[in-house]
Each structure stands twice: as C-alpha cells, then as structure tokens.
Amino acid sequence: MLAPACSEPIAAIATPAGKGGIGIVRISGSGIESFCTAILGRVPKPRFATFASFIDSQGRAIDEGIALYFPSPASFTGEDTLELQAHGGRVILDLLMARVLELGARVARPGEFSERAFLNGKIDLLQAEAIADLIEATTVQAARSARNSMQGRFSTRVNDLVEEVTELRLYIEASIDFSDEDIDFLADPALLTRGVQIEHSIHEVLSTARQGCLLREGLSVVIAGKPNTGKSSLLNKLAGREVAIVTSEAGTTRDVLREAIEIDGMPLHVIDTAGLRKSCDRVEEEGIRRAREELGHADRILLILDASSPESDGVLEDSLPPNIEITRVVNKIDLTGEAARLDHTERGATIHLSVKTGDGLDLLYRHLKDVMGYDERTEDVFIARRRHLDALDRSLFSIRQAITRLRGARELELVAEELRIAQQSLSEITGEVTTEDLLGRIFSSFCVGK
Ligand SMILES: Nc1nc2c(ncn2[C@@H]2O[C@H](COP(=O)(O)OP(=O)(O)OP(=O)(O)O)[C@@H](O)[C@H]2O)c(=O)[nH]1
Ligand SMILES: [Mg+2]
C-alpha cells in the first residue's frame with residue numbers, strides 16, 4: 001500500500017489530560033524526518049525504541065524519553081508517524097506540542113489519525129469504529145467484541161455477503177444480455193436457492209450485529225408497576241447497593257432512578273420509576289408522568305406485580321406502551337409460599353420471585369441474558385452500531401424483494417436492481433461507499449489523538 005504523496009503533518013497529545021507517568025505526543029504526515037532531526041537531533045531507527053532528549057528551538061532539552069518512528073507505509077495511519085513518550089505532566093506535554101506545531105504540524109481533529117488510516121486503506125470503516133468502541137467499552141464482553149470487529153471479523157462477514165450478492169447480480173445481469181435467446185434463466189431453480197441462501201446469511205449477520213449493538217449501548221430496562229410492589233427493592237438488588245429509598249409506604253419513589261449494571265459482561269441500564277396509580281399529590285403525579293415517559297423509551301419493561309395482593313393488574317398492563325416487550329415479575333412469593341418459577345405464555349415471560357429472600361432472582365438474571373442474546377462463546381460476537389443494523393436491514397429488504405421477483409419468475413432487470421441496492425447497502429457498512437457527512441459524524445466522536 002502506498003501512502004498519499006503529501007499529507008499535512010498533524011499532532012496531538014494521545015494520552016488523557018492530567019498527570020501520568022508517561023505522556024505521548026503523536027505526529028503523522030509527510031516529512032516527519034525533519035521533525036525527528038529538529039527534536040531528536042537524528043532520525044531514530046524505524047520501529048525501535050530510541051532513548052533521546054527532546055530539544056526545543058533554543059537547543060534546550062524539554063524532557064527526555066522514548067521516541068518511536070514508523071516510516072510510511074508501515075504505520076497505523078499509513079503515513080510517517082513519530083511518537084514521543086515523555087513524562088506525563090501537562091507542562092511538558094504542552095511544551096512538546098508547541099515545539100511540534102512550531103515545526104509546521106497542526107493540531108489534529110478528534111479521530112483524525114484513524115480517519116487517515118481509513119482513507120489510506122489501512123483499515124475499513126467498521127474497524128475504525130471498533131477502535132472507538134474498544135476505547136469506550138464499559139464491560140469485558142463489549143471490549144472483546146470490539147476487538148473482534150477491530151481485527152476484521154465483522155468486516156469479513158460483510159465482505160463475504162457483498163461478494164455473494166455481487167456474484168448473483170453479475171449472473172443475472174449477464175443473462176439479461178441473452179434474454180432474447182431461447183433460454184429461460186429465471187426458471188433456473190438454483191437462482192432462487194442462491195437468493196434464499198443469501199437472505200439467510202444476511203439474517204444471521206444481522207442477529208449477531210444486534211447483539212453486538214446491545215453490548216455497545218446496553219439494554220434499557222424500565223421497572224414499572226403499582227406502588228409498593230418492590231420496584232425500588234429490585235433496583236437495589238440488581239445494583240448491589242442502596243440506590244433507591246425503600247419504605248412500606250406506597251408512593252415512595254417519585255424521581256426516575258437510573259443504574260448502569262452488568263450481568264456477565266452484558267451492560268444494562270436499569271430504571272426505577274414511581275408506582276403507577278391515580279394520585280392527587282402534585283409531586284407524585286409528576287413522578288408518574290415521568291415514569292410513563294421512560295416507559296416509552298424502554299427496550300423492555302419489567303412489570304412488577306405483588307404475589308400477596310389479589311387485585312388484577314390487567315388495566316395497568318393495558319395502559320403500557322403496546323410495542324414494547326414486557327416481562328412480568330410476580331414479587332413477594334415469600335408471603336404466599338409459592339415456588340420460584342419462570343412461565344412462558346403467549347403474552348411473554350412471567351417470573352415468580354422474592355426480592356427479599358433472593359429466591360428466583362437467578363431466573364430473572366438468566367431471562368435477561370436470554371433477552372440480550374447472551375452467548376457464552378464470545379469469540380464470535382462483534383460490536384456493532386445502529387448504522388450497521390440499519391444498512392443490514394435495508395439489504396435484507398432488497399434481497400427479499402429480489403427473491404419475490406425471482407419466485408414470480410419475472411422482470412430480470414428489477415431483480416438485478418434490487419441486488420445492486422442490497423450490495424450498496426452492505427458496502428456502506430465497511431465504508432466502501434460513503435459520504436463525507438457520514439465520515440465527519442463518525443470520526444468527530446473519537447478521542448483526540450486516536
Ligand atoms: N415480603 C416481601 N416484602 C418485599 C419484597 N420486596 C419488597 N418488599 C417490601 O415492600 C415494600 C415496598 O418496597 P419498595 O421497593 O419501596 O416498593 P416500590 O414498588 O418501589 O414502591 P413505590 O416506590 O412506592 O412505588 C417495602 O416494605 C419492601 O421491604 C419481597 O420480596 N417480599
Ligand atoms: Mg420505589
């Protein structure tokens with residue numbers, strides 16, 4: 001791979017703000033050798049750690065440390081890159097940055113190193129996004145799957161899909177040219193079989209990507225129910241600390257309380273809300289309004305019911321948003337003597353448990369992991385973003401359109417067109433097809449220095 005002939009040198013402090021044992025200034029671009037000569041007095045041996053003094057314009061040492069020089073194209077960005085590892089103090093790093101800027105570099109924008117790596121073909125867009133996701137990962141599972149994406153596992157799956165779609169499309173396009181002749185290409189059952197296989201493969205990648213997206217963003221679970229059913233007790237139990245006030249008085253919780261937790265590395269946002277009932281208390285009323293607002297944004301609702309209270313909760317359940325999945329949790333089984341259990345009905349799962357004794361909580365944990373598509377074999381999971389899910393969804397739609405036409409054995413040109421759209425949607429994921437606006441949005445959310 002050849003790096004671009006001339007690219008303006010950029011520089012950034014790549015380590016976090018504040019004090020640290022080591023602080024790194026990173027420079028990338030063309031003509032980095034002249035930076036080496038000016039600051040280090042020599043060009044360090046490529047890819048070797050070189051101990052050196054970092055010299056200012058007056059010939060005074062700013063600091064001493066390790067210099068690492070990666071000439072183009074064998075560097076992260078594909079350009080010449082120099083890393084100066086100094087002591088991690090603000091003043092030292094600011095002086096080093098000033099020196100580098102004085103020599104002609106400009107301050108890098110957030111994510112600009114990764115953007116250059118992408119533009120120089122060192123990594124694709126998926127891998128670039130995975131770098132940011134690895135840095136942002138809050139759980140071990142998220143970090144592992146970000147690494148999988150960064151190493152290209154997701155990209156390989158997407159590239160394979162693109163290849164399969166392209167192959168089918170080329171075959172169909174070629175047959176359009178022969179359609180005057182007496183051959184009925186569309187009647188070939190192998191074409192339909194191929195289409196259905198591709199649909200299946202996209203579907204498979206989509207469901208892994210959905211799980212990867214949940215790992216990145218976390219599942220948002222809202223705890224709702226009548227007052228005093230044990231919602232805040234459940235939040236405290238899941239969080240492992242006393243986040244919310246628990247009392248035997250109905251209407252204790254008014255504010256919306258959020259806790260980020262993880263179950264075996266799967267991130268969850270658990271949200272406790274005010275008990276739902278008719279109230280004349282203005283503060284409680286506002287709490288209930290906020291509770292309903294949260295319910296509208298949930299990925300899943302945990303509807304808490306009281307095993308010891310015989311009243312029906314049907315009316316309450318009917319008032320919940322219809323498009324959001326509900327898990328019913330029948331709490332306080334210690335008062336009724338029921339056994340902990342998980343029932344699956346056509347309305348979804350119902351778990352009978354006691355937050356107080358902890359009986360049945362394991363069922364809830366397992367259920368939540370199932371809902372998130374928890375897979376013990378993390379080596380296959382890759383991190384994904386909504387942008388990828390959207391592109392996969394669109395390609396799945398197009399491939400299904402193509403299959404319908406193939407089934408009807410008509411309009412060869414339209415089948416080819418649907419396949420072209422599917423191919424384009426898939427290519428957006430790895431950044432083969434992209435817009436400047438999209439790149440701007442992606443890279444601007446990166447850290448400076450990455
Ligand atoms: N016996 C028994 N009591 C429980 C259980 N879970 C919660 N409680 C009790 O039920 C009462 C209400 O608990 P909370 O967690 O405050 O209930 P809530 O649903 O948050 O109530 P509001 O905030 O008022 O809507 C408290 O006295 C808890 O100790 C349980 O599993 N068994
Ligand atoms: Mg409460």
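We count ligands from 1, going down the list as the structure has it; atoms in each ligand are counted the same way. Residue numbers run from 1 in the order of the sequence given.
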Original post:
Within Thr252, is some N, O or S atom less than 2.8 Å away from the Mg ion (ligand 2)?
Top reply: no

**OP:** Please work out whether any backbone atom (N, CA, C, O) or any side-chain heavy atom from C-beta onward of Leu335 is under 4.0 Å from ligand 1, and answer side chain, backbone, both or neither.
**Re:** side chain

Original post:
To the nearest 0.1 Å, how far is atom 13 (O) of ligand 1 from its closest protein heavy atom, and which atom is that?
Top reply: Ser233 OG, 3.5 Å

Original post:
Are the side chains of Gln85 and Leu68 in touch, meaning some heavy atoms are under 4.5 Å apart?
Top reply: yes

Subject >> Sidechain-backbone polar pair: His269 side chain, Glu217 backbone, donor-acceptor under 3.5 Å >> reply: yes

Original post:
Can you list the atoms of ligand 1 that are under 4.0 Å from a heavy atom of Pro227?
Top reply: 25 (O)

Original post:
Just by distance, do the side chain of Ser309 and the backbone of Asp306 share a donor-acceptor pair under 3.5 Å?
Top reply: no

**OP:** Return yes if some donor-acceptor pair links the side-chain N/O of Arg385 with the main-chain N/O of Glu129 below 3.5 Å, else return no.
**Re:** yes

Original post:
Below 3.5 angstrom, do we get any N/O pair linking Gly230 and ligand 1?
Top reply: yes

Subject >> Atom indices of ligand 1 within 4.0 angstrom of Ser354 heavy atoms, with elements >> reply: 31 (O)

Original post:
Any donor and acceptor pair, going by atom type alone, linking the side chain of Ser395 with main-chain N or O of Ala422 inside 3.5 Å?
Top reply: no

Original post:
Nearest protein heavy-atom contact for atom 28 (C) of ligand 1: which residue, which atom, what distance?
Top reply: Val246 CG1, 3.7 Å

Original post:
So, does Thr81 use its side chain to make a donor-acceptor pair with the main chain of Thr77 at under 3.5 Å?
Top reply: no

**OP:** Could you tell me which atoms of ligand 1, counted from 1 in the order shown, lie closer than 4.0 angstrom to a heavy atom of Gly275?
**Re:** 25 (O)

Subject >> Pair Thr327-Arg300, side-chain donor/acceptor within less than 3.5 Å >> reply: yes

**OP:** Give a yes-or-no answer on whether the side chains of Ser354 and Asp359 include a donor-acceptor pair shorter than 3.5 Å.
**Re:** no

**OP:** Please confirm whether the backbone N or O of Ala244 pairs with a side-chain atom of Asn236, one donor and one acceptor, at under 3.5 Å?
**Re:** yes

Subject >> Protein heavy atom at shortest distance from atom 18 (P) of ligand 1 >> reply: Lys231 N, 3.5 Å

**OP:** Could you tell me whether some N/O pair between Ala274 and ligand 1 is separated by less than 3.5 angstrom?
**Re:** no

Original post:
Which protein non-hydrogen atom lies closest to atom 27 (O) of ligand 1, naming both residue and atom, and how far is it?
Top reply: Ser248 CA, 3.5 Å

Subject >> atom 8 (N) of ligand 1: the protein heavy-atom neighbour that sits closest, reported with distance to 0.1 Å >> reply: Lys332 CE, 3.8 Å

**OP:** Verify, without hydrogens or angle tests, whether Glu115 (side chain) and Glu112 (backbone) share a donor-acceptor contact under 3.5 angstrom.
**Re:** no

Original post:
Measuring to the Mg ion (ligand 2), does Thr273 have an N/O/S atom at a distance below 2.8 Å?
Top reply: no

Subject >> Donor-acceptor side-chain pairing of Arg405 and Gln401 below 3.5 angstrom >> reply: no

**OP:** Check whether NZ of the Lys or CZ of the Arg Arg109 lies under 6.0 Å from the centre of the six-membered ring of Phe443 and within 45 degrees of that ring's axis.
**Re:** no

**OP:** Kindly indicate whether the side chain of Glu64, heavy atoms from C-beta on, has any atom under 4.5 Å from the side chain of Phe51.
**Re:** yes

**OP:** Measure Ser308 to ligand 1 on non-hydrogen atoms and call it side chain, backbone, both or neither using the 4.0 Å cut-off.
**Re:** neither

Original post:
atom 12 (C) of ligand 1: which protein heavy atom is closest, and how many Å away?
Top reply: Asn228 OD1, 2.9 Å

Original post:
Do we see a donor-acceptor contact under 3.5 Å between the side chains of Ser72 and Glu79?
Top reply: no

Original post:
What are the atoms of ligand 1, with element, lying closer than 4.0 Å to any heavy atom of Ala250?
Top reply: 24 (O)

**OP:** With heavy atoms of Gly251 as the reference, note each atom of ligand 1 found under 4.0 Å away.
**Re:** 24 (O)

Original post:
Do we see a donor-acceptor contact under 3.5 Å between the side chains of Thr247 and Thr252?
Top reply: yes

**OP:** May I ask you to check whether Val355 has an N/O atom sitting below 3.5 Å from an N/O atom of ligand 1?
**Re:** yes

**OP:** Report yes if some N/O of Thr273 lies less than 3.5 Å from some N/O of ligand 1; otherwise report no.
**Re:** no

Subject >> Option with minimal heavy-atom separation from atom 26 (C) of ligand 1, where the choices are Ile223, Asp359, Thr247 >> reply: Thr247

Original post:
Quick check: does Asp272 get an N/O under 3.5 Å from an N/O on ligand 1?
Top reply: no

**OP:** Do me a favour and list the nearest non-hydrogen protein atom to atom 6 (N) of ligand 1 with residue, atom name and distance?
**Re:** Asn331 ND2, 3.2 Å

Original post:
Hey, does Glu249 sit under 4.0 Å from ligand 1 if you only count heavy atoms?
Top reply: yes

Original post:
Is there a nitrogen or oxygen of Thr357 sitting under 3.5 Å from a nitrogen or oxygen of ligand 1?
Top reply: no

**OP:** Just go through Thr253, Thr336, Leu234, Asp334 and tell me whose heavy atom is the nearest to atom 2 (C) of ligand 1.
**Re:** Asp334

